[in-house]
Undergrad: 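Sharing a structure, written as structure tokens. Questions coming.
We name chains A, B, ... by the order of the sequence lines, and we start the count at 1 in each one.
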Amino acid sequence: MQPFTKRVIEIIKSIPAGAVMSYGQIAELAGSRRGARQVVRILHTQSSIHQLPWHRVVNAQGEIAIQSEEGNMEQRSRLEEEGIEVSVQGKLDLAKYRFNPAPADIMGAWDNIDPDDVDQML
DNA sequence: CAAATGACTGTGC
DNA sequence: GGCACAGCCATTT
């Protein structure tokens, strides 16, 4: 697994309940400013095996990006359970819920961090 | 190795 | 605000 992929997983796991991050924001923090699509792929392939809080990831407009009806509905309910208000169109207030960790908090010995250890470093 | 694949994004109209 | 378009890039075919 590449460092970038590993970092994306770590970042997603670090999103606290009641907050969200956008695909592009995650990619940028992970070191690839235009890697939003990789975040998508990672969520597709790794969300289950790493138990990622995938529902805390939305697009840059603060909208739920899942296309399938059922997945979209599940994300909405999960977000609402954490106290996030989601509009009828599946949109939320990014200015209010966006999680912006200071880069200094997550930069460091990136490559030596195992995704499973993220919880400990927080 | 070339081509396809995205739960994306910024820009411009 | 919506829509089309062109970049984007790690991974998979």
Undergrad: Over all strands shown, is Thr45(A) touching base, sugar-phosphate only, or nothing at heavy-atom distances under 4.0 angstrom?
TA: nothing
Undergrad: Ignoring backbone atoms, test whether Ser22(A) places a side-chain nitrogen or oxygen under 4.0 Å from the OP1 or OP2 oxygen of dT9(B).
TA: yes
Undergrad: Under the side chain to side chain donor-acceptor pair (under 3.5 Å) rule, collect the residues that match up with Gln25(A), sequence neighbours excluded.
TA: Arg98(A)
Undergrad: Between Lys91(A) and Arg41(A), which is nearer to the 5' end of DNA chain C once each is assigned its nearest nucleotide?
TA: Lys91(A)
Undergrad: Rounded to the nearest 0.5 Å, what separation is found between the CD1 atom of Ile26(A) and the CD atom of Glu10(A)?
TA: 12.5 Å
Undergrad: Please state how far atom CD in Glu63(A) lies from atom C1' in dC8(B), giving the value in whole angstrom units.
TA: 12 Å
Undergrad: Under 4.0 Å from OP1 or OP2 of dA7(B): is there any side-chain N or O of Ser68(A) that close?
TA: no
Undergrad: Step by step, work out the side-chain contact (heavy atoms from CB on, under 4.5 Å) result for Glu82(A) and His55(A).
TA: CA-CA 10 Å; Glu82(A) 297 184 348; His55(A) 56 285; 3.0 Å; yes
Undergrad: Using the test side chain to side chain donor-acceptor pair (under 3.5 Å), find all partners of Arg34(A) that sit at least two apart in sequence or belong to another chain.
TA: none
Undergrad: Kindly write out the residues that satisfy side chain to side chain donor-acceptor pair (under 3.5 Å) with Glu85(A), not counting sequence neighbours, or none if the list is empty.
TA: none
Undergrad: Would you indicate which nucleotide in dA7(B), dT11(C), dT9(B) comes nearest to any side-chain atom of His44(A)?
TA: dA7(B)
Undergrad: Output the rounded distance in Å from CD (Gln67(A)) to P (dC8(B)).
TA: 7 Å
Undergrad: Within the sub-3.5 Å range, which N or O atoms of nucleotides 5-7 of chain C have a protein N or O partner, and how far apart are they?
TA:
residue : atom : partner  : partner atom : Å
dG7(C)  : O6   : Arg37(A) : NH1          : 3.1

Undergrad: Just the rounded figure in Å: distance from P of dA7(B) to CD of Glu74(A).
TA: 16 Å
Undergrad: Please state how far atom NZ in Lys6(A) lies from atom C1' in dA10(C), giving the value in whole angstrom units.
TA: 16 Å
Undergrad: Rounded to whole Å, how long is the line connecting atom OH of Tyr23(A) with atom C1' of dG6(B)?
TA: 11 Å
Undergrad: With a 4.0 Å limit, can you tell me whether Gln38(A) has a side-chain N or O closer than that to the phosphate oxygens OP1/OP2 of dC8(C)?
TA: no
Undergrad: Measure the distance from CD1 on Ile42(A) to P on dA7(B) and round it to the nearest whole Å.
TA: 13 Å
Undergrad: Pair Val58(A), Leu94(A) - check side-chain contact (heavy atoms from CB on, under 4.5 Å), show working.
TA: CA-CA 9 Å; Val58(A) 297; Leu94(A) 263 189; 4.3 Å; yes
Undergrad: Might you point out which heavy atoms bring Pro101(A) and Leu29(A) nearest each other, and give the distance in Å?
TA: CG-CD1, 3.7 Å
Undergrad: Starting at CZ of Arg7(A) and ending at C1' of dA10(C), how long is that distance when rounded to a whole Å?
TA: 13 Å
Undergrad: For Gly35(A), answer base if it contacts any base atom (sugar-phosphate contacts may also be present), sugar-phosphate if it contacts only those atoms, and nothing otherwise; contact means non-hydrogen atoms under 4.0 Å.
TA: nothing
Undergrad: Quick test of your reading of the model: are Glu74(A) and Arg78(A) salt-bridged, counting only N-O distances below 4.0 Å?
TA: yes
Undergrad: Please give me the minimum heavy-atom distance between Ser22(A) and Val57(A), naming the atom from each residue.
TA: C-CG1, 4.5 Å
Undergrad: Separation of Arg33(A) atom CZ from dA10(C) atom C1', in whole Å?
TA: 18 Å
Undergrad: Could you list the protein-to-nucleotides 11-13 of chain B atom pairs, N/O on both sides, closer than 3.5 Å?
TA:
none

Undergrad: Sequence neighbours left out, what passes side-chain contact (heavy atoms from CB on, under 4.5 Å) with Ser47(A)? Give chain and number order.
TA: Trp54(A)
